[in-house]
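Report on the following structure.
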2 protein chains.
Amino acid sequence: MSLPPYGSATFIEPTDPSFTPAKKLKFCKVCGDRAKSYHFGGLSCDSCKAFFRRSVQSAGYKNFQCPYRRTCEITISSRKCCQFCRFQKCVAIGMEKGWVMTEEERLHVLRIRMAKRQEEEEKKIHRRQKIRRENHHADLNEIHKFLTEDDIQCIESIMNSYEVSCLTIAFSSSLCSQHCDRGRTEIIDMFFTVIKQLAHFAQQLRSFAVIPRHDQEILLRSGVMELCFLRSAYVFDE
Amino acid sequence: MSLPPYGSATFIEPTDPSFTPAKKLKFCKVCGDRAKSYHFGGLSCDSCKAFFRRSVQSAGYKNFQCPYRRTCEITISSRKCCQFCRFQKCVAIGMEKGWVMTEEERLHVLRIRMAKRQEEEEKKIHRRQKIRRENHHADLNEIHKFLTEDDIQCIESIMNSYEVSCLTIAFSSSLCSQHCDRGRTEIIDMFFTVIKQLAHFAQQLRSFAVIPRHDQEILLRSGVMELCFLRSAYVFDE
DNA sequence: TTCAGTTCAGAACGTTCA
DNA sequence: TGAACGTTCTGAACTGAA
């Protein structure tokens, strides 16, 4: 085995005058290139690490052949020449095949990572929704920048009418509970009540009340579904 | 020393004056054309690379002869004129015959490649089959949690009827071959047969057989397309 | 910081076709 | 003959967990 040019950094004695807090240079025990740390149990450079991992993962090392006498010297410049001897040396300096993850292990790690990412995504979305809701409140404070006093009064009057309608035409008591599993008839009941509320509300609006009865019916009939959706979105509580 | 099979930027001399931080243009040492990388141990262009490989693979270089004095100057435009001197120069700049793959090596690589591909294909199929089998078994084992004995018997009776229908009304012999490129009439034939099978199958079900003929027809006509799709999904074999 | 894995551009092999 | 392409291998730069 060849020694690293400046001696193995691993065995620096405490009294070694060359020991400085600055840096301890380490070298790949396979090819002599600069090494940063241990890989698979042996001190090696990044390229020898990659070479070893790939060889094991693909099981390609089983097909390596030495064109000479299985004694090739491995250096930075010659390491590509003989895969067989390079791999042999990797094993010789302590790198172990067992430390390379199997396909299953890799998939396992991958799955865990994916799950984590998804969780974080969901958190992000939640945070955004929260911010949006807060901004909504802020917008209401700035409403005077965009609407006149008259506009606001009109809106408030309409909102008032709607509230009155909802109070006037109440839901049947069976629908007031928070029960989630409602039967079919109850759902239909609920829709009927909402539709009645909407009709009542429309009558409160002067511009609606003045048009002919027949036109009123057409308008209500064609818009009631959208209004139900709108109301659903409004009362939806995530 | 032998040259690496793949990838080698290692042989750029550190003292090379042409080395600039901007770009390092490389030129073929044989003919002066632009070179991208080393080939067989020498920096050469693609055409000289191909020329060298062919000459070695066919052993044709042994028959090259120089019509002049074996001192021909090789340039981009003259490189075709004298194979002998071109090959001589290839060797002179470092290209080695030994690095061209022999027929055996090529076959060896080919075989490994084929084996790998096949192995992976098999793995894929295995994995898919395994997953399918697991899902299938799990469901079938838990079937008693969701169905009563009567339910299961009923299902089995229906399955039986279906099988009988399929056997009773057989496909025409021309459709039994595994040929993929079927004509239009054959496809139509196939659909007709399937529809007849479905009608026959429906007649086997008592609850269907007892309803009026006219209603039967309506039911069959409105459901036949979906049933065909369902059957297609069932018999589909990837 | 250490040490797993991942990604990507590039090197250098062979093959095909005009 | 040589351009263009398809393949595999290499190694630098990166992510991510402990």
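The figures that follow rest on heavy atoms only: side chains count, while hydrogens, waters and symmetry mates do not. Since this is a predicted model, take the numbers as computed values, not measurements.
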Heavy atoms of other groups near B:Phe27 CZ, more than 12 under 6.0 Å
yes
Quick test of your reading: applying salt bridge (charged side-chain N to carboxylate O under 4.0 Å, His left out), list the pairs with at least one residue in residues 51-67 of chain B, sequence neighbours left out, ordered by first then second residue.
none
Atom CG of B:Leu43 and atom C1' of C:dA12: how far apart are they, to the nearest Å?
12 Å
Euclidean distance, atom CD of residue A:Glu103 to atom P of C:dT6 [Å, nearest integer]:
10 Å
Which dot-bracket notation, 5' to 3', represents the base pairing of DNA chain C when pairs are defined as Watson-Crick or G-U with both distances under 3.5 Å, crossing pairs as [ ], and inter-strand pairs as |?
||||||||||||||||||
Can you tell me if CZ on B:Arg70 sees more than 12 non-hydrogen neighbours from other groups inside 6.0 Å?
no
Between P on C:dC3 and CZ on A:Arg106, what's the gap in Å once rounded to a whole number?
21 Å
Under 3.5 Å, is there a donor-acceptor pair linking the side chains of B:Thr75 and B:Ser78?
yes
Counting only heavy atoms not in A:Gln118 (residues, nucleotides, ligands), do more than 12 fall under 6.0 Å from its CD?
no
Atom-pair distance (CD1 on B:Ile112; C1' on D:dC9), nearest Å:
14 Å
Distance in angstrom units between A:Leu110 CG and C:dT6 P, rounded:
7 Å
Value in whole Å for how far the P atom of C:dA4 lies from NE2 of A:His108
17 Å
CD/B:Glu73: more than 12 non-hydrogen atoms of other groups inside 6.0 Å
no
Using a cut-off of strictly less than 4.0 Å, decide whether B:Arg86 has a side-chain nitrogen or oxygen near OP1 or OP2 of D:dG2.
yes
Tell me which one of A:Phe87, A:Trp99, A:Phe52 satisfies ring pair (Phe, Tyr, Trp, His ring centres under 6.0 Å) with A:Phe40.
A:Phe52
Can A:Arg79 and A:Asp33 be counted as an ion pair, charged N to O under 4.0 angstrom?
yes
Over all strands shown, is B:Gln83 touching base, sugar-phosphate only, or nothing at heavy-atom distances under 4.0 angstrom?
sugar-phosphate
Value in whole Å for how far the C1' atom of C:dA12 lies from CE of B:Met101:
11 Å
All N/O pairs under 3.5 Å across the protein-nucleotides 12-18 of chain D interface:
{"unit_1": "D:dG16", "atom_1": "OP1", "unit_2": "A:Arg117", "atom_2": "NH2", "d": "3.3"}

To the nearest Å, give me how far apart CZ (A:Arg34) and P (D:dG11) are.
17 Å
Report yes if a side-chain nitrogen or oxygen of B:His39 is closer than 4.0 Å to either non-bridging phosphate oxygen (OP1 or OP2) of C:dA11; otherwise report no.
no
Distance col, row B:Ser44:OG vs B:Phe51:CZ, nearest 0.5 angstrom, shows 11.5 Å
